[in-house]
Amino acid sequence: MASVKAIGVLCFLVFVALSSYPHRAQADHCFADKSKVMRECWRNIGKNVGEHPLLHGSVCCQVIRAATDIHCVCDKFTTGELARISLAKFAMATHVCGNGLRAHTHCAGYTVPVITLPAPPPPGST
């Protein structure tokens with residue numbers, strides 16, 4: 001009887017440990033994605049850095065497209081980072097790069113507007 005209880009408790013503990021692991025892994029992935037965005041997209045999302053064209057094939061766009069959960073990245077920005085970046089520029093970058101933040105959601109206190117990108121020029125027009 002005691003061994004059945006012990007096995008039950010052990011199974012419960014294993015279940016709890018395994019069920020909490022994916023959440024921790026996602027949080028770690030969000031921090032990693034945020035660090036990459038801050039490093040590779042600084043020129044495109046920083047306040048006071050001017051306007052720099054963001055190309056779809058840039059390293060910044062590759063990082064944004066590879067982010068597992070771009071909304072989670074927003075949740076990980078620190079107060080210090082928020083003082084140095086423009087969330088409007090970040091939101092626009094996510095759309096330009098093809099992993100856009102959803103309209104009307106919140107990104108670190110910023111309400112994401114509906115973002116409509118201009119149509120690309122027709123081939124051979126340049």
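All residue numbers in this chain count up from 1 along the given sequence.
Closest approach of T94 and L101 over heavy atoms only: OG1-N, 3.1 Å.
Shown here are the side-chain hydrogen bond (donor to acceptor under 3.5 Å, both in side chains) partners of R84, two or more places apart in sequence or in another chain: there are none. Evaluation of the side-chain hydrogen bond (donor to acceptor under 3.5 Å, both in side chains) rule for T68 yields H29 as partners, not counting sequence neighbours. For K34, the salt bridge (charged side-chain N to carboxylate O under 4.0 Å, His left out) partners are E81, not counting sequence neighbours.
Applying the ring-ring contact (aromatic ring centres under 6.0 Å, His included) test to residues at least two apart or on different chains, the pairs with a partner in residues 63-98 are F77-F90. Among residues at least two apart or in separate chains, there is no salt bridge (Lys or Arg N to Asp or Glu O under 4.0 Å) pair with a member in residues 54-67. Counting only residues at least two apart or on different chains, no salt bridge (Lys or Arg N to Asp or Glu O under 4.0 Å) pair has a member in residues 90-100.
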C61 and L54: side-chain contact (heavy atoms from CB on, under 4.5 Å), yes or no, with the steps?
CA-CA 8 Å; C61 277; L54 182 58; 3.9 Å; yes
Test log, rule disulfide bond (SG atoms under 2.5 Å apart), inputs C41 and C60:
CA-CA 5 Å; C41 299; C60 174; 2.0 Å; yes
Any chance you could lay out the side-chain contact (heavy atoms from CB on, under 4.5 Å) test for M38 and I85, step after step, and finish with the verdict?
CA-CA 9 Å; M38 290 297 292; I85 66 170; 3.8 Å; yes
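Using a distance-only test at 3.5 Å, with no hydrogens or angles considered, a donor-acceptor pair links the side chain of Q62 to the main chain of G57. Panel note: side chain D33, backbone A66; no donor-acceptor pair is recorded below 3.5 Å. One N or O on the side chain of S35 and one on the backbone of F31 form a donor-acceptor pair closer than 3.5 Å.
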Check residues 43-51 and write down every donor-acceptor pair under 3.5 Å in which the side-chain atom is one partner and the other belongs to a residue at least two apart or another chain.
| from | atom 1 | to | atom 2 | distance (Å) |
| --- | --- | --- | --- | --- |
| R43 | NH2 | H52 | ND1 | 2.7 |
| N44 | ND2 | H52 | O | 3.3 |
| K47 | NZ | L82 | O | 3.4 |

Donor-acceptor contacts, no H, no angles, side chain residues 102-116, under 3.5 Å, sequence neighbours left out:
| from | atom 1 | to | atom 2 | distance (Å) |
| --- | --- | --- | --- | --- |
| T105 | OG1 | R102 | O | 2.5 |
| H106 | ND1 | T111 | OG1 | 3.3 |

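Hydrophobic clustering of Ile, Leu, Val, Met, Phe, Trp and Tyr side chains at less than 4.5 Å, counting indirect connections, unites V37 with W42.
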